[in-house]
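Chain letters run A, B, ... following the sequence lines, proteins first, then strands; residues in each count from 1. Remember, predicted model here, so these are calculated numbers, not experimental data.
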There are 2 protein chains.
Amino acid sequence: MDISNPLYRNQGIHVVCALFTVKDGEVKILLAKRSNNPYPDKWMLPSGAVYNNEDCETAMKREMLEKTGITNFYVEQFHVFSNPNRSPVMRMLAVGYIGIINSENLKIKKKTEKTQDVEWFKLSEVPEDLAYDHHEIFLYALKTLKVKIIRTNIVKALLPKYFTLPELQKVYEVILNKKFDRRNFRKKFLQLGLIENTGMKESNKGHKPANLYKFIQSKDYDVDIF
Amino acid sequence: MDISNPLYRNQGIHVVCALFTVKDGEVKILLAKRSNNPYPDKWMLPSGAVYNNEDCETAMKREMLEKTGITNFYVEQFHVFSNPNRSPVMRMLAVGYIGIINSENLKIKKKTEKTQDVEWFKLSEVPEDLAYDHHEIFLYALKTLKVKIIRTNIVKALLPKYFTLPELQKVYEVILNKKFDRRNFRKKFLQLGLIENTGMKESNKGHKPANLYKFIQSKDYDVDIF
DNA sequence: TATATTTGCGTATTCCATACACATTCTATT
DNA sequence: AATAGAATGTGTATGGAATACGCAAATATA
């Protein structure tokens, strides 16, 4: 690469993260509200520039920590967005990540130097005028999440340590926007051998309590299951 | 992004393509032999730097045309390689693409300014000392190809216009390195409704001629089939 | 104690994956 | 011309998974 060629100048590398969780029986995504130019006061996916001494995943986790205070979440690269005009400032490539975390005991930092707020949004309430091309990135991430939750075991990253089968089913239903038969869902998931009954039960539900299950430790995320 | 921050300096964006084909009943991948530093005389995946006025896919197709003369192939992004030390020259991110083409009537350019040769390699004969981290990229691309050929319809891009069911089966067998039962493979693939019998037959094979099939035009690539 | 609600378990049926037998159609050989 | 060799195309039997749906059990609340 001839570094003196002006065609190679001013290229920036960004990382951007679509972090999903399940909260109050709904799938939600984390957005941050910008303070500065460009797109002041617009919501965006947490994102930032990559330093030249770190790889993209490291940069993304650093940005997430700096901008939202969130750490220790499951993450997977899903697509690169490289339209040369995607940023009005300069040519800025974005490496997109899907993040997944369970919302139990999760605190987020609300305000930083560059952001004035950080919030979980229902998927149906994500603003269409996100900064940059982030709405397009959000849609692509959601599409990828749908495939992943069918084909792999990432649902493990969405759930708390103990959960009931109806709760597990609800996660599938809200992400895929589709109903399943209770009895068949149970049969199918149990025979996968990914979860085990803890013997404990939920309580105070006003009906027959469901058993609490947990994922079997040894089984990894991102294992093909369907 | 504060462009004066030295942490953001000297970042290059590369694209790299693992182009697969089926030739002589074998899966092959296209490699180019380098002329210049770094890695003189080493084989590499076709790759090159992205101009700041084009997106990555455009850059990749331009590089493929310049370095190999190949155009009009199916392509899909699969992973970004961002280890800061992956190039000895400077920090250079690589956006990886899988390319797929059928080798019928395919000519390749053998020599360019930067490459002294371009060749199809059997997967078992790809040198382990490819330039940069290209061997790692090759392995990742192959793994992705295996998933894609099971889950989607990309096999369409590997085959010529007319093909027999045994030929189709052979493609699956060489890519997945696994044998299938003729009769069950036929039954399964036909019921997918992706291909149709042309009524024509192959000839001069020394045995009962197989019917020639073609893909139904309207069905796209990258459709989930299994 | 009765009721509403939801969980957990069971069964019947249909569809798909797999295993394997046999007939067909071509080329090559004698 | 007859036959052998080789691979294709068709069919069938079986086991397991997906789907549809009936019913009993357990809890909070009235």
Using whole Å, what does the distance between atom [atom2] of nucleotide [N] and atom [atom1] of [X] come to?
X      : N      : atom1 : atom2 : result
B/M200 : C/dC26 : CE    : P     : 16 Å
A/N204 : C/dT7  : CG    : C1'   : 16 Å
B/F189 : C/dC16 : CZ    : P     : 16 Å
B/H207 : D/dA6  : NE2   : C1'   : 7 Å
A/K179 : D/dT19 : NZ    : P     : 17 Å
B/L165 : C/dT24 : CG    : P     : 20 Å
B/L212 : C/dT25 : CG    : P     : 17 Å
A/K208 : D/dA24 : NZ    : P     : 12 Å

Check your understanding: Aromatic ring centroids of B/F81 and B/Y132 under 6.0 Å?
Key -> no
Within-4.5 Å side-chain heavy-atom neighbours: B/H134 and B/R86: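 A side-chain contact under 4.5 Å exists here.
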Taking side chain as C-beta onward, heavy atoms only, is B/F215 less than 4.5 Å from B/N153?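 Side-chain contact under 4.5 Å: yes.
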Separation between CE (A/M44) and OG1 (A/T115), nearest 0.5 Å, reads 9.0 Å
Any idea which of C/dC26, D/dA26, D/dT8 is nearest the B/A210 side chain?
->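 Among the listed nucleotides, the one closest to the side chain of B/A210 is D/dT8.
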Review point. Between C/dC16, C/dC26, C/dT7, which one does the side chain of B/Q191 approach most closely?
Key: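 Selected nucleotide: C/dC16.
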Side-chain donor/acceptor pairs under 3.5 Å, residues 192-201 of chain A, sequence neighbours excluded:
| residue | atom | partner | partner atom | Å |
| --- | --- | --- | --- | --- |
| A/N197 | OD1 | A/G199 | N | 2.8 |
| A/T198 | OG1 | A/M200 | N | 3.1 |
| A/T198 | OG1 | A/L212 | O | 2.7 |
| A/K201 | NZ | A/N211 | OD1 | 2.8 |

Under 3.5 Å, which protein N or O atoms sit close to an N or O of nucleotides 10-15 of chain D? Give each pair with its distance.
| residue | atom | partner | partner atom | Å |
| --- | --- | --- | --- | --- |
| D/dT12 | O4 | B/K187 | NZ | 3.1 |

May I ask you to establish whether A/K188 and A/F185 are in a cation-pi arrangement, using a distance under 6.0 Å from NZ or CZ to the six-membered ring centre and at most 45° from the ring axis?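 The answer is no; the distance or angle limit is not met.
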